[in-house]
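Since we're looking at a predicted model, the values are computed, not measured. When a ligand or atom number is given, it counts from 1 through the structure's own listing order. Position 1 is the first residue of the sequence, and the numbers go up from there.
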Amino acid sequence: MKKILVTGSVGQIGSELTMELRKRYGNDNIVAGGRKTKPSEELLNSGPFEVVDCTNLEAINDIVKKYNIDTIYHLAALLSAVAENNPQLAWQVNVNALVNVLEVAREHNCAVFTPSSIGAFGPSTPSDNTPQVTIQRPTTMYGVTKVSGELLCDYYFKKFGLDTRGLRYPGIISYVTLPGGGTTDYAVEIYYEAIKNKKYTSFIKEGTKMDMMYMPDAVDAAIDLMEANPDKLINRNAFNVTAMSFAPEDIAAEVKKIIPEFTMDYDVDPLRQGIADSWPDHMDDSAAREEWGWNPKYDLAAMSRDMIEKLTLKLEQ
Ligand code: SER
């Protein structure tokens with residue numbers, strides 16, 4: 001029987017991944033860990049919730065012991081723009097806390113899922129069909145922490161036999177919880193603004209392509225990877241995964257098909273534009289497809305239809 005701890009369960013991915021894990025493995029078997037942000041009623045009432053600061057090793061250790069945890073989904077992290085504004089904190093949260101999680105996992109023999117990101121690449125990485133194994137010289141602190149995290153996962157697997165697995169997530173689009181300060185957030189904001197005001201000002205420039213994914217695929221990817229046969233996994237740092245690649249004008253055109261009055265203009269944020277320019281246009285995720293059957297369900301059109309339908313209902317409440 002699986003006993004899972006999700007750190008960062010109150011965040012954009014955590015809030016949905018935790019509920020899906022509870023559905024699949026039973027509410028009492030999934031411990032939601034969170035730090036500052038108040039959890040939703042749904043998260044609090046459907047299973048155990050524990051306050052956990054992952055920069056404190058003992059705090060993680062106590063929870064893992066208390067619930068007999070065998071798997072940790074370690075989602076607590078700062079996103080790219082926030083990390084760039086506070087690089088020291090980003091190192092503490094994205095790297096030191098991961099080391100704590102890996103150490104506790106080593107002690108108690110837990111499997112560990114860690115998200116990496118398109119941010120683990122930089123300007124010297126091939127930007128089209130970015131290979132699984134390639135140059136990783138990111139120019140952001142977020143990227144530095146993500147590459148470090150990937151190397152740590154590789155190291156703990158090889159040195160200690162720890163069952164580490166990870167994904168290089170692209171921008172994740174969702175309607176339950178807002179992302180907390182990433183470069184790809186424009187592709188979430190656009191739907192909120194299209195429904196509320198029929199217009200949006202993009203902080204990312206026309207022509208800037210980035211990989212993206214709808215939340216149901218992101219949640220399935222994490223669970224499918226953790227359930228994959230370990231003998232089939234060659235890569236233990238993190239897998240490239242993507243579902244679509246688009247620029248702001250592409251998503252705007254798709255929104256306009258559903259909300260014809262919609263218009264978009266631009267007011268480019270130099271910080272986030274600089275970050276976006278340093279990331280790939282489109283990753284090659286064939287290793288994920290071959291090693292554990294990655295196969296996303298949503299493209300830009302299907303995602304836009306679902307997102308606008310669900311978000312319209314949510315905003316009416
Ligand atoms: N969505 C993330 C960010 O923009 C990328 O991993 O920071």
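- Judged by distance alone, the side chain of Thr130 and the main-chain N or O of Pro126 form a donor-acceptor pair under 3.5 Å.
- Looking at Tyr142 next to ligand 1, an N or O pair under 3.5 Å apart turns up.
- Residues Pro138 and Ala120 come closest through the heavy atom pair CD-O, 3.9 Å.
- Ligand 1 has a nitrogen or oxygen under 3.5 angstrom from a nitrogen or oxygen of Ser117.
- Contacts between Tyr186 and ligand 1, counted as non-hydrogen atom pairs separated by less than 4.0 Å, are absent for every part of the residue.
- For ligand 1, the atoms lying closer than 4.0 Å to a non-hydrogen atom of Thr183 are 3 (C), 4 (O), 7 (O).
- Side-chain polar atoms of Glu189 and Tyr200 form a donor-acceptor pair below 3.5 angstrom.
- Against a heavy-atom cut-off of under 4.0 Å, Ser80 is close to the following atoms of ligand 1: 3 (C), 4 (O), 7 (O).
- Under the 30°/60° scheme for interplanar angles, the aromatic rings of Tyr214 and Tyr298 are found to stand perpendicular.
- Classification of the Tyr142-Trp279 ring pair by plane angle, with boundaries at 30° and 60°, yields tilted.
- With respect to atom 1 (N) of ligand 1, the closest heavy atom belonging to the protein is Thr184 OG1, 2.8 Å.
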